[in-house]
Amino acid sequence: MTESFEDETSAVDSDQTLDTGTGIEDFYIAMQQAREEQFKAYRAYAGSERYAKHLRSALSSFNETVELEVGDLVQWKTFLRN
């Protein structure tokens, strides 16, 4: 059952654009600025003494060997959740 529409109007014109309030360029600029702010915060953290301490702690936790047996309850190691 195919319907044929004879009129020249359509629900969406081919040259119609969605008005989002800002252009794609503005969105791209905002994303770039957010990314730069994240990098800036990471650079500040990576240069701190806390960062080295956290890396050592994460490595130590990662290298711990654990003997598991059936029925043991387990939990994620620190820094390895995602």
Side-chain angles (χ1 to χ4, degrees):
M1 183 171 159
T2 306
E3 287 187 47
S4 174
F5 296 100
E6 297 299 323
D7 62 45
E8 296 298 318
T9 62
S10 66
V12 177
D13 293 331
S14 61
D15 63 345
Q16 185 179 5
T17 59
L18 179 63
D19 183 18
T20 59
T22 60
I24 191 72
E25 295 84 13
D26 294 335
F27 176 73
Y28 179 76
I29 290 168
M31 291 299 296
Q32 289 295 94
Q33 288 173 344
R35 186 175 182 178
E36 184 57 38
E37 288 174 15
Q38 290 173 341
F39 280 142
K40 198 180 298 183
Y42 175 74
R43 281 188 218 106
Y45 174 64
S48 71
E49 190 62 34
R50 289 184 326 152
Y51 182 70
K53 179 182 173 186
H54 288 155
L55 283 178
R56 284 189 294 274
S57 174
L59 179 62
S60 173
S61 175
F62 180 76
N63 285 333
E64 288 177 5
T65 56
V66 178
E67 299 296 325
L68 297 175
E69 295 180 18
V70 175
D72 287 348
L73 293 176
V74 297
Q75 72 179 46
W76 287 100
K77 286 188 175 185
T78 306
F79 304 114
L80 294 178
R81 292 184 182 212
N82 291 322

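Computed over heavy atoms, backbone and side chain alike; hydrogens, waters and symmetry mates excluded.
Sorted by first and then second residue, the salt bridge (charged side-chain N to carboxylate O under 4.0 Å, His left out) pairs involving residues 31-42 (not counting sequence neighbours) are Glu36-Arg43.
Expressed to the nearest 0.5 Å, how far CD of Gln32 lies from CZ of Phe27 amounts to 10.5 Å. Of the inter-residue distances, the one linking Leu59 atom CG with Glu64 atom CD reads 10.5 Å to the nearest 0.5 angstrom.
Qualifying side chain to side chain contact (heavy atoms under 4.5 Å, CB included) partners for Tyr42, counting only residues two or more places apart in sequence or in other chains: Ala46, Tyr51. Scanning for side chain to side chain contact (heavy atoms under 4.5 Å, CB included) contacts around Leu68 gives Val66, Asp72, Val74, with sequence neighbours left out.
In the hydrophobic cluster analysis, where Ile, Leu, Val, Met, Phe, Trp and Tyr join through side-chain heavy atoms closer than 4.5 angstrom, Ile24 is grouped apart from Ile29. Put simply, Tyr45 and Leu55 are part of the same group of oily side chains (I, L, V, M, F, W, Y) that touch within less than 4.5 Å, one to the next.
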